[in-house]
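In what follows, a structure is listed as structure tokens, so that the remarks can point back to it.
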Amino acid sequence: MLSRAPLNVVRNWVCDSRQWDGYKPREGDVIIATAPKAGTTWTQHIVNLLVFQSPAPRPLFDMSLWIDCRFTMPIEAMLPIIEAQQHRRFLKSHLPLDALPIYDEVRYIHVARAGLDACMSFLNHFNNYLPERWSASTRSAWRTKPSGGLSAGAANAARILPLLDDRRRGQRGDDKSRLLFDIECSFWRERARPNLLLVHYNDLKATFRTR
């Protein structure tokens, strides 16, 4: 049952929250929703191990799909794949909670991370992009890769700094993307929900063990 419809629309160069309109919830679904570079993939792996109770290799990114992503595949192709899954489904999102639909039968996991750590990780992530990845991203984006004499690091920093600079909020027309801290606050405000689990990246690191 729908507990709360999305309160906001987020559409930026990576995400489009409207793509969740076609999602059909299933009892026990898990949505792993984080800001970028906050331990998303790590948490997907943890949930994968819990769901299958086995460390056998599995194609994680083909199984745990990112519904709001604008550049991996058309949403029209993604939703039938999700609908056909027979295992307990676990999905990914980089949206604030107020841009997601909340269903009583769905479980939500949010991982928080210190802002500076997340942003520096994001910068390193962009610096490792190959030209082909830039092209794929910008073809689906409302804005393009910074250009005009900037070094790769400076150009990528131009993408990261707005995450921390709330003075830029609302200055880009239709862009309703949230800042890093807005994403965190959206989950913290809803922390009393019984189907929402809040996790911190530092706690995952503190309890990490290797064989």
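In this view, Pro6 and Pro101 satisfy the side-chain contact (heavy atoms from CB on, under 4.5 Å) rule, not counting sequence neighbours. Partners of Arg88 under the side chain to side chain donor-acceptor pair (under 3.5 Å) rule, at least two apart in sequence or in another chain, do not exist in this structure. Scanning for side-chain contact (heavy atoms from CB on, under 4.5 Å) contacts around Leu204 gives Trp42, Thr43, Ile46, Val111, Val199, with sequence neighbours left out. Remark: Asp29 pairs with Arg89 by the salt bridge (Lys or Arg N to Asp or Glu O under 4.0 Å) rule, at least two apart or across chains. For the ring-ring contact (aromatic ring centres under 6.0 Å, His included) test, no residue two or more places apart in sequence or in another chain qualifies with Phe61. By the side chain to side chain donor-acceptor pair (under 3.5 Å) test, Ser17 is found to be paired with no residue, residues two or more places apart in sequence or in another chain being considered. The side-chain contact (heavy atoms from CB on, under 4.5 Å) test applied to Cys15 returns Asn12, Trp66, Asp68, His94, Leu95, not counting sequence neighbours. Applying the salt bridge (Lys or Arg N to Asp or Glu O under 4.0 Å) criterion to Arg26, with sequence neighbours excluded, gives no partner residue. Remark: Ile102 engages Ser3, Arg4, Leu97, Tyr108, Arg193, Asn195 in a side-chain contact (heavy atoms from CB on, under 4.5 Å) (not counting sequence neighbours).
Separating the CZ atom in Arg113 from the NZ atom in Lys205 is a distance of 7.0 Å, to the nearest 0.5 Å.
For residues 45-63, the pairs satisfying side-chain hydrogen bond (donor to acceptor under 3.5 Å, both in side chains) are Asn48-Arg58, with sequence neighbours left out. Legend: side-chain hydrogen bond (donor to acceptor under 3.5 Å, both in side chains) pairs involving residues 75-85, not counting sequence neighbours: none detected.
Note on ring orientation: taking the six-membered ring where Trp is involved, the planes of Tyr23 and Tyr103 are perpendicular (angle over 60°, cut-offs 30° and 60°).
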